Amino acid sequence: MDSFFTRFKNPLVLIAIVLMQVIVLAMQLPARTAGFDSHDGHNVTMLRRWTVSLVIPVAGVAHSTSLHVSNVWHDYIDLRHVREDNARLRQDVARLREEQAAFAEDAAQGRRLQQLLAFKQQYISSTVAAQVIGTSGSDRSRMLYLDKGLADGLKPEQPVITPDGVVGKLRDVFPHNAQVLLINDVTSGAGVILEGSRIRGILRGTPDGQVQINNLTADSRIRPGDTVVTSGGDMVYPRGLPVGQVVSIKSDPQHQPYTAITIKTAANLSRLEEVLVITGTQSTLPTALQQDAEAAAATAEANQRAADVIAERLPGLHQDAPQEGANGNDSAAAVDNAPPPKPTPARHMDRYSPGATPPADALQPGVPVTPTAPAQSADPKTDVAEPHP
Amino acid sequence: MAEHSYTSRQELDQYGFHPAVTLLAPLAFLLLQAMLPKVFPVLAVLDLPLVVTIFFALARRNPISGAVTGTLIGLLQDGLTNHPFGVFGIAKAIVGYCAASIGFVVDVENVSIRVALTFGFSLLQSLLLYMVHHLLLGDGTYAAQLLHELLRAAVNSIVAVPVFFVLDRFKTRGD
């Protein structure tokens, strides 16, 4: 007759396996956990390091191979529309330089006011570019893997951005790889501010991958289309980084009286190829930004001087308005009814002067055209038609 | 002349795999699972490690082997996420055990039955994950999105057909 353990060997083994994993789960969570915001498995770095070391390097090799192939294709074979793109980008650069010059004065004034208020702005002083080589593989865990790690100066909790906006922050950093926790993960959070109304809130991810602010009550100042930027209050993301735009504002039945403000992120979190990790910040303007600001200010000043010179040289609009009218009302009516004045004739005629070209029936093929001075009166003022009585 | 005789139906229907396949196949599919959503974000709904767990459990028809395989694959999958270790491990251990146990009752070589089993086990895993998050981890934010889980189960079932077809090539008769 079989013993109990022999008869129920399979279920007992399953119970033992599950029980062991429950104990491992319990060991990873601190005793005072309230919610899911606390460290989840940070103490078990050895297991996680083994897993990541097993999988991610292969992902890195596959990614770099595909990148090389893609570079060869795009840089040497597929060169369609490169010339048009180049011309368009040059125009964009020129336009942006003009805009930068226009904003230079406002930015300088803002910095002066900040200095007066002794406000400590954190500027980005150094970044490290990294490639995205893999994901967590689960839509319940919004994470990415980068090809840079401790050896490249990365540390946990460093913010990760793209030129479009905020992406997330570093979670676990390994010697040559790093995990990025995206801002649309449920365990993620960021301090933000609505640019128009200056209302502060906390940004969180939702289970379906969206980003919401859900700690604000209904406010008429919050509208769809409002730009959301980082507030700097969480001491992770520098202030002023673009986060996204408000898409919708709905009441949150699970968190009354708060509203669920859904944000469309500025960065496309599902199509990230390369990101920037902010490795350093400083309270003074970085050297490159200072030089850019000085160049923009110089350009703005030059543009202003050029505008002033042109304004001086151009004749005024009412320079020939009649001033010696016997009756002010008559002169005003005369000005209103007078036809537009003709331009004064040029001192030196050429073939482009009005009326200098002879009529078409006088022209002969092959014979050069000699500019002829049009019939004109000595006094240009007599060209102005007499007002009708 | 020695002859190999099968003493039970269990031995007749059990398959084995080369150790390299046992090690490399789960790793390869885990790697695919980590890389595919980067290129096609919608594929994050897929769960290739689950499909591999179900395949090995159905092929081996050994509940203990199925539970251990599911545990190891689940723990590896946990390592790539920000979940604590054990979330996917518990779910896949139970799925592996159940898949191996059910292998004695149904004909698991039939494509339709494989699709139906994968659909059912995918829903089972979703339920187990929900229970782990709510009961063990106390995570109230883990929402039960029924439609999303049904879609996940359907996608897993469809992908299971070619995956099973590929992995069938590596089966060897008996342990």
Side-chain angles (χ1 to χ4, degrees), chain A residues 9-11 13-14 17-18 20-29 33-36 40-41 44 47-52 54-56 58-59 62-63 66 132-145 171-172 179 181 185-187 204-209 269-273, chain B residues 27-28 30-49 62-64 66-68 70-71 74-91 93-94 96-98 100-101 129 132-133 136-145 148 152:
Chain A
K9 179 178 71 172
N10 293 340
V13 169
L14 176 66
I17 288 173
V18 171
M20 184 184 65
Q21 293 185 81
V22 170
I23 292 169
V24 168
L25 257 181
M27 284 167 57
Q28 294 172 75
L29 299 179
T33 298
F36 204 56
D40 43 0
V44 198
L47 275 173
R48 203 173 295 278
R49 187 187 295 246
W50 287 351
T51 310
V52 171
L54 204 57
V55 176
I56 296 303
V58 182
H63 171 81
S66 69
V132 175
I133 58 173
T135 67
S136 64
S138 169
D139 58 353
R140 293 285 191 177
S141 173
R142 314 264 171 189
M143 293 204 336
L144 300 175
Y145 284 87
R171 190 174 171 276
D172 280 330
Q179 284 179 344
L181 185 67
D185 187 86
V186 289
T187 60
R204 291 200 181 278
T206 63
D208 53 359
L269 300 178
S270 56
R271 291 261 182 214
L272 291 169
E273 294 288 341
Chain B
L27 281 178
L30 195 66
L31 184 66
L32 269 179
Q33 181 68 34
M35 293 185 65
L36 281 176
K38 182 176 158 305
V39 183
F40 306 106
V42 294
L43 291 181
V45 76
L46 190 56
D47 193 343
L48 285 173
N62 184 322
I64 294 175
V68 170
T71 299
L75 288 178
L76 278 177
Q77 199 173 0
D78 281 326
L80 294 180
T81 66
N82 63 341
H83 299 154
F85 277 95
V87 173
F88 277 115
I90 290 173
I94 295 173
Y97 180 90
C98 295
S101 302
L129 288 174
V132 166
H133 276 269
L136 294 182
L137 298 176
D139 177 15
T141 64
Y142 194 92
Q145 300 167 302
H148 187 76
R152 189 199 307 277

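These values consider heavy atoms only, across backbone and side chains, with no hydrogens, waters or symmetry-generated copies. Quick note on labels: first sequence line is chain A, next is B, and so on, each numbered from 1. Since the model is a prediction, treat every value here as computed from it, not as a measurement.
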Original post:
Do B:Tyr142 and A:Val186 touch side chain to side chain, with heavy atoms closer than 4.5 Å?
Top reply: no
Subject >> Heavy-atom proximity to chain A below 4.5 Å, by part of B:Val132 >> reply: side chain
Subject >> Proximity breakdown for A:Asp208 and chain B, heavy-atom pairs closer than 4.5 Å >> reply: both
Subject >> Identified side chain to side chain contact (heavy atoms under 4.5 Å, CB included) partner of B:Pro63 from the options A:Val13, A:Leu14, A:Asn10 >> reply: A:Asn10
Original post:
Can you tell which of B:Val45, B:Asp47, B:Leu46 makes a side chain to side chain contact (heavy atoms under 4.5 Å, CB included) with A:Asp139?
Top reply: B:Val45
Original post:
side chain to side chain contact (heavy atoms under 4.5 Å, CB included) between A:Glu273 and B:Lys38: does it pass, once the steps are laid out?
Top reply: CA-CA 8 Å; A:Glu273 294 288 341; B:Lys38 182 176 158 305; 3.5 Å; yes
Original post:
Which atom names give the shortest non-hydrogen contact between A:Thr51 and B:Leu76, and what distance separates them?
Top reply: CG2-O, 3.1 Å
Original post:
Relative to chain A, which segment of B:Leu27 carries a heavy atom at a distance below 4.5 Å: side chain, backbone, both, or neither?
Top reply: side chain
Subject >> From B:Leu80 atom CG to A:Ile56 atom CD1, the distance as rounded to the nearest 0.5 Å >> reply: 5.5 Å
Original post:
If you measure from OG1 on B:Thr71 to CD1 on A:Ile17, what distance do you get to the nearest 0.5 Å?
Top reply: 4.5 Å
**OP:** Look only at the side chain of A:Arg271 and the backbone of B:Phe40, and say whether a donor-acceptor pair between them is shorter than 3.5 Å.
**Re:** no
**OP:** Walk me through it: do A:Val24 and B:Leu75 pass the test side chain to side chain contact (heavy atoms under 4.5 Å, CB included)?
**Re:** CA-CA 11 Å; A:Val24 168; B:Leu75 288 178; 5.9 Å; no
Original post:
Is A:Thr135 reaching over with its side chain to a backbone N or O of B:Ala34, donor-acceptor style, under 3.5 angstrom?
Top reply: yes
**OP:** Using a cut-off of under 4.5 Å on heavy-atom pairs, state which of A:His63, A:Arg142, A:Arg140, A:Gln179 scores highest against chain B.
**Re:** A:Arg140
Original post:
Quick check: does any side chain N or O of A:Gln28 sit under 3.5 Å from a backbone N or O of B:Pro84, one acting as donor and the other as acceptor?
Top reply: no
Subject >> side chain to side chain donor-acceptor pair (under 3.5 Å), paired with A:Ser141, selected from B:Thr81, B:Asn82, B:Asp78 >> reply: B:Asn82
**OP:** Locate the shortest heavy-atom distance separating A:Ser270 from B:Pro41; write the atom from each residue and the value.
**Re:** O-CG, 3.2 Å
Original post:
Which residue out of A:Leu272, A:Leu181, A:Val132, A:Val52 racks up the most heavy-atom pairs below 4.5 Å with chain B?
Top reply: A:Val132
**OP:** Return the option, out of A:Ala59, A:Ala62, A:Gly209, with the maximum number of heavy-atom pairs under 4.5 Å with chain B.
**Re:** A:Ala59
Original post:
Considering all heavy atoms of both residues, which atom of A:Tyr145 and which atom of B:Gly79 are nearest to each other, and what is their separation?
Top reply: OH-O, 3.7 Å
Original post:
Non-hydrogen atoms of chain B under 4.5 Å away: do they reach the side chain of A:Ile133, the backbone, both or neither?
Top reply: backbone
Original post:
To the nearest 0.5 Å, what is the distance between OG (A:Ser136) and CD (B:Gln77)?
Top reply: 9.0 Å
Subject >> Shortest non-hydrogen contact between A:Gly137 and B:Pro37, atoms and distance >> reply: CA-CG, 4.4 Å
